[in-house]
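Right, one structure below, let's go through it.
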Amino acid sequence: VSGAPGGREPQPSFSGTPPFPEAARLALADDQLRRNLRRATTTIRTKRSRAVAERPDWEALRLSGAAIKDDVIARLAELLEQLESNVTAAGGVVHWARDAAEANAIVVELVRAAGASEVVKVKSMTTQEIELNEALGQAGIDAWETDLAELIVQLGHDLPSHILVPAIHRNRTEIREIFRTEMGAAGRPAPSDLTDEPRDLAEAARLHLREKFLRAKVAVSGANFAIAETGTVMVVESEGNGRMCLTLPETLITVMGIEKLLPTWRDLEVFLQLLPRSSTAERMNPYTSMWTGVTPGDGPQAFHLVLLDNGRTDVLRDEVGRQALRCIKCSACLNVCPVYERTGGRAYGSPYPGPIGAILTPQLRGISRHPVDEQTASLPYASSLCGACFEVCPVRIDIPEVLIHLRTQVVKQHGWRARTFGEETVTMRVLASTFASPGRLDGAERLAGIGGRVVGRTGRIGRLPLPGLLGAWFKRRDLPAPARPSFRRWWRLRPRPDGEP
Amino acid sequence: VKIALFITCFNDLLFPGVGKAVVELLSRLGHEVDFPEAQTCCGQIHFNTGYRDECVPLVRRFDRAFGEFDAIVTPSASCATMVRHHHSTVAGESGDAALAASVARVSPRVYELSELLVDVLGVTDVGATFPHRVTFHPTCHSLRLLQIGDRPRRLLEAVRGLELVDLPGSAECCGFGGTFAVKNPDTSVAMGEDKIASVVGTGAEVLASADTSCLMHLGGLLSRQRSTVRVMHLAEILASTGVQR
């Protein structure tokens, strides 16, 4: 694929991702991907535990983080209005967007009004969620990603696979190839003698991006936090490319999910400890940019804040599911997740991958209210419920609890109807009826014991060419043959030391 | 102490030897074990897969079967987790206040085997002999939900002749995950194969655990690969006296 990757051509999209088991199967077949992911997640994981272990009050910080976010969730309407009035008072303009289409239309209109045909972007999950680059492209506006990893993804006509490290699935040899073949079409080309040394790769990106920073009239960003009390918006990052976007252009447009609020300035004390240590395993991230409306003669002279709902108020209504809105997008849960480590992020079919994606995406897509597509319905099951995610979550989102909760919603919404759940539903009903009495269970165990003797004479059942869920077990695993007698039967027949009947 | 055994549906059918080992071990330590025959399943399969309505009668059945006992032991950290952590959720949602009250009373009396031995019976040396090289897989539910910590390790270290070797990356999930194993078979197997590679790397003859569900998965992979590593439940090792049974 060639041509300018700035947004005018059709871009790769998460839509069309198969249900998780199939997407995972495809990802697992990619050995390079598995090696890259394993190395990267293991490294971040180890560094994070070290950074967290330095804080004796880590558990107290987590409790505070959860409590502050729960307060935000409880008082969201009030705090949003407070934020709006403070941003407006400081010279900013606040826009409210119910969904992706509204948010995209607002941004496109603002860029046009500024007389620009391109924007530079700070990495932003929210604009990925609404597919803003696609919308800008359709309006003839180039969107240039400036976060290094995001640039790699964009130049590679690729999809992000990690919240914090969107190009985690790429190693440096692959990155050199992407830079060499794609940079020229998007702007300043990479030097022809580019090596795969990190320093050289970073320098090529720096020169390529510098041109865009100096030229762009409009920047689009997301936000890590917004302070209701002061109207201050904030972005934390590592590279300084975000700082360039946030300070150089004349117009700054920030698209922010409505849950990103914090009530007061003091609350940053908690979150600026929780976020860097959980995400990059740093005590403090290198760049923290904050701005309150517009400052005359300094930085962007027009500031627009687009507040995005896009399903969030529906999530608020779910007493168990709403804790997902505490998320500060640190990605600690991805790095410890044994499923994510093997499948990578793209298998989740959403910019929000890993454990948090498995509970956030289905909720944003309305799983509690109506049947969802098969891919969305597969996400709450993309977990072994090992609990490693909950253990590291800086705002104590009990991800396994929400996963199980969402599974009940999938079953309620789909039940017999969906193809993939038919067999499962029948199995669950049969099991429930078997477990309804010890007599029935005993009968089923005797039958299984007889069957086991037929197919598993050696005490184990090997390859069984069965369809469906049972067959899925036997593809690469054996099973011990059901016992004769079962424990229950052995107990009843066992010789008693005291000669009781 | 009069102890009720909650065998779990899984062990009842596929690993009855584990139940026999628990009975043998506790009898050897001088305790009477009862097996309430009304028991079937704790409901974890249904609960974790999203079939919560089907769970209510199973919680009720468990509660009735075990209501009169002071201590209930189960050779499954996973099922102990279900009873201790989730039965109250199911009972609460059922709207049956009497059930909720009863569950609140009964479920804390459920102990995973190593908890019963160490915390209730106050024993770490159970008088076992097992002259083999063993590595231990601390399952996710025992580690992160029950938090049984080093209890199994302390019990194993007191076994005569047993050489306990560390399992690298032991805290990582083996990939079983209940219905995850069949709903996401490729990911489950990929996780399991990494786990058994670590197990084989330790040079252990036996892979032990407090959950036969994980062992069924790992044992199934080992067996398919024609490995000589055997899987055994903690109870079977602790019941062992070095004499061939």
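Remember, predicted model here, so these are calculated numbers, not experimental data. Just so it is clear: chains get the letters A, B, ... in the order the sequence lines come, proteins before strands, and each one is counted from 1.
Neither the backbone nor the side chain of B:H85 has a heavy atom closer than 4.5 Å to any heavy atom of chain A. Looking at A:A448, the atoms closer than 4.5 Å to chain B (heavy atoms on both sides) all sit in the side chain, from C-beta outward. At a 4.5 Å heavy-atom cutoff, A:A29 makes no contact with chain B through either its backbone or its side chain. Both the backbone and the side chain of A:R463 come within contact range of chain B, judged by heavy atoms closer than 4.5 Å. With a 4.5 Å cut-off on non-hydrogen atoms, A:L431 touches chain B through its backbone and its side chain both. Of the atoms belonging to B:E37, heavy atoms from both backbone and side chain fall under 4.5 Å from chain A. Looking at A:Q409, there are no atoms closer than 4.5 Å to chain B (heavy atoms on both sides), in backbone or side chain. With a 4.5 Å cut-off on non-hydrogen atoms, A:P19 does not touch chain B at all. Of the two parts of B:L221, the backbone and the side chain both hold a non-hydrogen atom closer than 4.5 Å to a non-hydrogen atom of chain A. In this structure, the portions of A:I404 lying under 4.5 Å from any heavy atom of chain B include both its backbone and its side chain. For A:W491, the part sitting under 4.5 Å from any heavy atom of chain B is the side chain, from C-beta outward, and nothing else. Contacts between B:Q225 and chain A at a heavy-atom distance below 4.5 Å are absent for every atom of the residue. Contacts of A:R488 with chain B are made by both backbone and side-chain atoms, with heavy-atom separations under 4.5 Å. Looking at B:L5, only its side chain comes within 4.5 Å of chain A, counting heavy atoms on both sides. Proximity to chain A is absent for every atom of B:T139, based on heavy atoms less than 4.5 angstrom apart. Looking at A:L469, both its backbone and its side chain come within 4.5 Å of chain B, counting heavy atoms on both sides. With a threshold of 4.5 angstrom between heavy atoms, B:F47 approaches chain A through its backbone and through its side chain. In this structure, chain B has a heavy atom under 4.5 Å from the side chain of A:R45, while its backbone stays farther away. Proximity to chain A is absent for every atom of B:V18, based on heavy atoms less than 4.5 angstrom apart. With a threshold of 4.5 angstrom between heavy atoms, B:L13 approaches chain A through its backbone and through its side chain.
B:L143 places none of its side-chain heavy atoms less than 4.5 Å from the side chain of A:E391. For the pair A:L441 and B:D12, the minimum side-chain heavy-atom distance is below 4.5 Å. Within the 4.5 Å cutoff, side-chain heavy atoms of B:P185 are placed close to those of A:R477. Counting heavy atoms from C-beta outward, B:R61 and A:P438 have side chains that approach closer than 4.5 Å. Within the 4.5 Å cutoff, side-chain heavy atoms of B:V23 are placed close to those of A:F487. Two residues are said to be in side-chain contact when any heavy atoms from C-beta on lie closer than 4.5 Å; A:R407 and B:Y51 fail this criterion. For the pair A:M428 and B:T179, the minimum side-chain heavy-atom distance is below 4.5 Å. At least one side-chain heavy atom of A:R38 sits under 4.5 Å from a side-chain heavy atom of B:D194.
With chain B as the partner, the residue from A:P400, A:P482, A:S433 showing the most heavy-atom pairs under 4.5 Å is A:P482. Counting heavy-atom pairs under 4.5 Å between each of A:A444, A:A472, A:P380 and chain B puts A:A472 at the top. Among B:N11, B:V189, B:D53, B:L14, the residue making the largest number of heavy-atom pairs under 4.5 Å with chain A is B:V189. Contact count against chain B (heavy-atom pairs under 4.5 Å) is highest for A:S383 among A:G468, A:S383, A:G439. For chain A, the option among B:H217, B:H141, B:Q39 with the highest count of heavy-atom pairs below 4.5 Å is B:H217. Among A:G462, A:G471, A:A436, the residue making the largest number of heavy-atom pairs under 4.5 Å with chain B is A:A436. Comparing A:R492, A:R25, A:R342 by how many heavy-atom pairs each has under 4.5 Å with chain B, the most go to A:R342. Ranked by non-hydrogen atom pairs under 4.5 Å with chain B, the options A:F20, A:F435, A:F390 are led by A:F435.
Nearest heavy atom pair, residue B:F180 against residue A:A382, reads CE1-C, 4.2 Å. Here the shortest heavy-atom pairing between A:C386 and B:R144 reads O-NE, 2.7 Å. Shown here for B:M216 and A:P480, the closest heavy-atom pair between the two residues is CG-CD, 3.9 Å. Taking every heavy atom of both residues into account, A:L28 and B:A190 meet most closely at CD2-CB, 3.6 Å. Among all heavy-atom pairs drawn from A:P485 and B:P16, the shortest one is O-CG, 3.9 Å.
Panel note: side chain A:R460, backbone B:G220; no donor-acceptor pair is recorded below 3.5 Å. No donor-acceptor pair under 3.5 Å is formed between the side chain of B:D186 and the backbone N or O of A:A24.
In B:R84, the CZ atom is crowded: over 12 heavy atoms of neighbouring residues, nucleotides or ligands sit closer than 6.0 Å. Annotation: B:R28, atom CZ; neighbour count of heavy atoms from other residues, nucleotides and ligands within 6.0 Å is above 12.
Taking the charged nitrogens against the carboxylate oxygens, A:R429 and B:E54 do have a contact shorter than 4.0 Å, which makes a salt bridge.
Between the CD atom in A:E424 and the NZ atom in B:K183 there is a gap of 3.5 Å [rounded to 0.5 Å]. One finds the CD atom of B:E93 at 7.5 Å from the OG1 atom of A:T408 (value rounded to the nearest 0.5 Å).
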